[in-house]
Amino acid sequence: MNSEGLTLSIEYLASTGILLSTEQKAALQTSLVMLQNAQKFHEVHFWGKIVGIKESYFIASGIGKGNELQDRKFLYSQDCMKWCMLPILADSRAQMCRSLSGRFIGDPTYEYEYIDVKIVGEGEEAEEETNTVLVKEEDRLAAVIDEIDREVHIVPRGAYVKTATGKIVTNRSFEGLNNLDCKKLCSYFHFRNTPNTDKINLLAKATLDQSIDFLEHVEHDLPKGCWALHPERGGGLIILKSLLWLGYSFYHVPGTKKFGSAYFGTGEKNIDLPFML
Amino acid sequence: MNSEGLTLSIEYLASTGILLSTEQKAALQTSLVMLQNAQKFHEVHFWGKIVGIKESYFIASGIGKGNELQDRKFLYSQDCMKWCMLPILADSRAQMCRSLSGRFIGDPTYEYEYIDVKIVGEGEEAEEETNTVLVKEEDRLAAVIDEIDREVHIVPRGAYVKTATGKIVTNRSFEGLNNLDCKKLCSYFHFRNTPNTDKINLLAKATLDQSIDFLEHVEHDLPKGCWALHPERGGGLIILKSLLWLGYSFYHVPGTKKFGSAYFGTGEKNIDLPFML
Amino acid sequence: GDPSSDVRPASQEVELANVQNKLFEKPSEEAEPEPEDEVEMPLPDLMDTAHYFEQAGLGLGREETFRIFLALKKLVDTHTLQSVRFWGKILGTEKNYIVAEVEYREGDEEGQEGEEEEGEESREEEADEAKEGEDDNLPTPDYKPPPVIPKEETGTGCNKKTYFVCNEPGGEWTKLPPVTPAQIVCARQIKKFFTGNLEAAVISYPPFPGTEINYLRAQIARISAGTHISPVDYYKFEEDDEDDSDGEGRDSFVENVEFEPPRVQELIDPSLSNWVHHVQHILPQGRCVWVNPTVKTETEDFEDEEEEEEREEPDEPVPEHGPPLLNPISEDSEVDSMPAWSAGLTSNLVPQYAAAVLRSNLWPGACVFGLDKKFENLYIGWGHKYTAENYSPPAPAATQEEYPSGAEVTEVPDPTVDEERALQAVQQEQLDREAEEAEMEEDDEDDD
Amino acid sequence: GDPSSDVRPASQEVELANVQNKLFEKPSEEAEPEPEDEVEMPLPDLMDTAHYFEQAGLGLGREETFRIFLALKKLVDTHTLQSVRFWGKILGTEKNYIVAEVEYREGDEEGQEGEEEEGEESREEEADEAKEGEDDNLPTPDYKPPPVIPKEETGTGCNKKTYFVCNEPGGEWTKLPPVTPAQIVCARQIKKFFTGNLEAAVISYPPFPGTEINYLRAQIARISAGTHISPVDYYKFEEDDEDDSDGEGRDSFVENVEFEPPRVQELIDPSLSNWVHHVQHILPQGRCVWVNPTVKTETEDFEDEEEEEEREEPDEPVPEHGPPLLNPISEDSEVDSMPAWSAGLTSNLVPQYAAAVLRSNLWPGACVFGLDKKFENLYIGWGHKYTAENYSPPAPAATQEEYPSGAEVTEVPDPTVDEERALQAVQQEQLDREAEEAEMEEDDEDDD
């Protein structure tokens, strides 16, 4: 959600319980401008909030001048004023973080104990070797935000285009989804860098627009039914909620450029999802 | 101000004291949708509020399918729910209404006494003949709103274009004014149907874009200084206030499509303006 | 083409606007004179409490809150209520539920009784079927369904309050039926998303006794019992209950007129001893007040009674106990080694006017604010309890035994030839001996 | 080209953010222990009052209000204040003014006196120039400037409260100097937009004695006197003033601890007799308490005194009277045949929780809300009084007479020849008669 107008556009998500207090809004209005300037970001987006036991983390993402999809950095703040860059983790470390469970504490320096189990030896001689690794909450935060963003960050079809040079940019002529398309899951795309058109059958492929359909749509996300699509205000506002990451909500006003999303939750994946549908 | 998102975008004008209560916002959100549907308007805009002694009038404008500039109708409501069409007045009647002074009462059926002075006879035999005409407040309201709209309703340069067929439509590729232009009065145009390029000298004319500069800009409005331009939030938001019709405010977020205006006032023209600058 | 063809408002949007339009109807002037008796005003100042929650970054948008406010007003206007409260919002996959919590004025329970029997009837049908089976000469199953725990009377225990729900403010309010202990017990074992349709089936294992309307009601009862808290001393037990020395039996309280609001700093004290539960704990049985399931209630047939009592005497159940009413939340058990509640202030910058806010970690989405004499509970969430581990459905029950185990029905290995011969030999021997004895007896008889 | 070149944030925007950043600095933990003595809390709960004004569709946006709240907090932290209040916002052509109204703790008036003399000095200079003129042999002008009305002491009358202004919340607060009667008198005769620059000249006729900072202060005084109202009985006069039977002399009041808040319906009663002014009326003289301008204050030179008193005895001015403090607003005069105030409720749909709101028709932009024990005044506008007619500047004063009119300086028509001759004849006759008489006298002398 773009930082300009953030305090207004976040109200579109209020019906799902996503809300900022006046104090937070006022602080964000000031600090995100400073952040954008200090870090020389092209744009700053408000991403959401991870609710911890003691404190919460507010998350923003800064977009550089390059590809909107790739040139992104995540930052966190606990008072909506001071922002810290989240570390970029090595895959192995991220894997480690993702296997941590339970709630966030709200202290970036808190250390979790991760018990690393390695199998040493081969065949019948194999032995489990366990050693305990300490993982900072800041790292876990970075891993979880990356995971959420990859798994559920969505945009409406047509909001971004791939230029001839392969650069992904905002589509200036995007006029919003129409009344019919906005109620279909296939009109919403994952905003992530893993174009995978293999899943789509040949017939469907024929109707794709290469410059627009370079992202995966969410219709085939598993398990089936992991997105809840509500037309609110009788269809004047479309809300999509992820059931996989409870707390992720997306809005779009059909027929307009207005869309955005935010995650307000505990940072825990809903692994019980298959049982709950 | 477009009715969709009205309750949010009106907040841009809050610094000038233009505010709607939650009750009014919730009611407008519901009633403007119904109004648009019932009257088959292409778009509905919230125009403002005329504060009366007893009650206030909320004003909306409905845009038909035709020319955005011409096919407009004004409506008023006293409870934000029930809307009545404002009458379209003959010129003579409008003239009569405009000469009424003092505050609005807040009762559309209230009747003002207008003393019409006619000169009968010619030369030395001329006599003043006075007769009293009753004017309904509803008529006066229509006349004043028409006058305000004609005199101060402004839009940023480039927000509308004139097509080859002479139709005036929203400019879809309008990306907002840039940081420099937004601080110049000549970047704001009267949104009225009296293109008058005669005032502009030949040199200036050479740089005009026929499809964009079909409206008059406000820089030469008289008396000089009748517009107050504030860059708020350090330039992140431009506010223009009319000093001729105190209560008319316009906003524009530079670099975005976001602009709008509203009039919240007593419906009295500031005739003392020349003394006050 | 024509730009208006696909332009909003869609007909659906207009439909909703038409529905919500009714909310904005001005109170008719004739109905006005009532405000004189302002003492009894069941409608709460929802906008005021929403203001506090908003400071904590909780709640819904203001316009939605205002519509809910108007919808509650409509509820008050159409029912004779003692009190009404915005309980919260339960998110669903298709629609959401707006939940209102009401108490009727005494003696005004409007057809409350009509719906009651349904749940039990279906159970009795099952029992009937079982009885029909007896007519055939099939083996009689020894399975006796566990005794039905009677549900609590309206106005007591889990059914103390009545709940109304709607999907959109302005839509029709639907009254939820009272909850039965069986529903609560089963709701504890399952974890399902709400769909937003009250009639939807709850497909789960163990099978849920009822549809979504009952599941919703059961979760509301559980959430209320777990998260409705108030500052200590805000409520007190009624004077005439005082003699009942152990608090457990007491189930009613009144507002304490002498309530001295604790300071905000005290309200967020990590010990959390300044907040108490004001909704009764639900026992494992699914009721707030334990009943001995073996003692039949009067409504049941007397004939069966003697028989059953006899049979069950040996396993007289142990009464269940839970924390008493107005128990401090400091005694709430930990959640995954985390405190059950997280406390904080609504403002870091201007603590002078900040309110205390507590969020439940056991029922994410439940929260409460407290400032001076004001406090309010609110739930906005998916209606599920927090679990640290994966949900795993309970294992299926052990297969039921069809016959009482015994020699007649126990299969034994076929005897080998040797064994048969041995048996035959033994049998022959015996026969011979018997024959001999018979002869001897005959002889004796002859002797007599 | 490069898309980031003309992309916001502009440096100005960042600058502002940097300024406002300071507002969000968390109170340091060491400074915290103070909240123990919560009795003295000069900072008002601005967000709460804004909530009520918002319900009436009045006020500023929430984020701006919150920033103002933080700015007031800063003011409280850096000055020893008894009370502080958000007075309102005055819109200007280039910038706006955020106005805070404060009262210092007793004995803590921080350099209040330093700025006082400025206005009077410039006046004395003018007088000096006039005296220099006397050295030449030119005719002495008889013009005597009207006596300077002394301004009211800080803490009394128009200077009862002190005002701070800033252009943006977070910017430096500037203290406004005390207002002089001359400034108020002149402010009444002019109508100028504020520019937003305190140092800007006020170019007007009659010339305004000071710059925009003084004009702003004068308008604030006038608006406060005209529109600051409170529910009746909220304030009462102090007990020991009771003997002073006519309320007029009393200028201080205290909060009435026994205040029974009127019902909202009473507060919006069209008679408006339930609201009173709690700021003193400003007399035509430009002061709240009338002084006799002819009685010189002690600070002036004694030499002049006797002389002047003598000269002015004949036109002893009539003392001015205004409505007393805590006068009901029902006695406010009409504005262009309209009532001075428009009253209403904040909600039509849910009157149960609505607050009463009054808007001034005399000073458009001034408003007040009242609900239970809460009330607050607010002004958001251009700082001008409502006038039904066009503003027209006062006509220039009549041209001053340079010399006292008299025979020596009055031109008369030249005498005609006939007249001269007639005069000569008369004169000759007289001369002759005198000569005769002289002779006769000589004769008499000779007789003695």
Side-chain angles (χ1 to χ4, degrees), chain A residues 10-27 49 51-56 79-81 101-103 105-106 178-180 182 225 227-237 241 243 246-247 249 253-256 264-266 268 270-277, chain C residues 6-20 53-65 89 91-96 168 190-193 196 204 335-339 342 344 346-350 359 361 364-365 380-382 384 386-393:
Chain A
I10 196 144
E11 306 227 340
Y12 283 112
L13 296 175
S15 69
T16 64
I18 289 182
L19 207 71
L20 290 170
S21 73
T22 308
E23 178 170 328
Q24 288 158 359
K25 283 182 188 172
K49 175 177 157 187
V51 182
I53 291 285
K54 286 185 191 146
E55 298 278 335
S56 295
D79 58 0
C80 295
M81 287 307 293
S101 70
R103 293 281 302 273
I105 304 298
N178 68 26
N179 264 330
L180 291 174
C182 70
W227 288 98
L229 190 152
H230 290 248
E232 302 239 336
R233 301 189 194 159
L237 175 67
K241 292 182 290 196
L243 303 183
L246 293 177
S249 297
V253 183
T256 76
F264 271 47
T266 59
E268 291 171 293
N270 182 16
I271 43 179
D272 300 334
L273 179 58
F275 293 107
M276 294 171 74
L277 292 168
Chain C
D6 65 346
V7 146
R8 292 175 319 97
S11 58
Q12 240 187 326
E13 196 173 356
V14 176
E15 234 168 69
L16 178 68
N18 277 321
V19 166
Q20 295 190 333
F53 279 120
E54 199 193 284
Q55 284 173 30
L58 299 166
L60 306 168
R62 302 175 145 247
E63 278 100 282
E64 185 173 358
T65 307
K89 183 172 182 174
L91 304 175
T93 56
E94 279 158 40
K95 289 172 184 170
N96 306 318
E168 287 275 1
I190 65 175
K191 191 172 180 186
K192 295 286 286 181
F193 275 121
S204 66
V335 184
D336 185 31
S337 75
M338 308 277 188
S342 291
T346 54
S347 173
N348 294 319
L349 298 169
V350 199
R359 311 164 78 119
N361 292 326
I380 297 173
W382 295 90
H384 298 128
Y386 181 80
T387 44
E389 283 90 40
N390 291 22
Y391 168 77
S392 52

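Values reported hereafter were calculated over all heavy atoms of this structure, with side chains retained and with hydrogens, waters and symmetry mates removed. Numbered from 1 within each chain, the chains take letters A, B, ... in sequence-line order. Quick caveat, the model's predicted, so the values are computed rather than measured.
- Nearest heavy atoms, A:Ser21 versus C:Ala56: CB-N, 4.4 Å.
- Nearest heavy atom pair, residue A:Asp272 against residue C:Lys191, reads OD2-NZ, 2.6 Å.
- Put simply, the side chain of A:His230 never gets that close to the backbone of C:Asn96: no donor and acceptor are under 3.5 Å apart.
- Using a 4.5 Å cut-off between heavy atoms, C:Leu58 touches chain A through its backbone atoms (N, CA, C, O) alone.
- Under the 4.5 Å side-chain criterion, counting only non-hydrogen atoms from C-beta, A:Ile105 is in contact with C:Met338.
- Residues A:Ile53 and C:Asn361 have side chains in contact (heavy-atom distance under 4.5 Å, counting atoms from C-beta outward).
- For the pair C:Lys192 and A:Leu277, the tightest heavy-atom approach, listed with the atom from each and the gap, is NZ-O, 2.6 Å.
- A donor-acceptor contact shorter than 3.5 Å links the side chain of A:Glu23 to the backbone of C:Asn348.
- Formation of a donor-acceptor pair under 3.5 Å by the A:Lys241 side chain with backbone atoms of C:Leu91 is not found in this model.
- Counting only N and O atoms by type, the side chains of C:Glu64 and A:Ser15 include no donor and acceptor under 3.5 Å apart.
- Contact annotation: the side chain of A:Glu11 never approaches that of C:Arg62 to less than 4.5 Å [non-hydrogen atoms, C-beta and beyond].
- Looking at A:Leu243, the atoms closer than 4.5 Å to chain C (heavy atoms on both sides) sit in the backbone and in the side chain alike.
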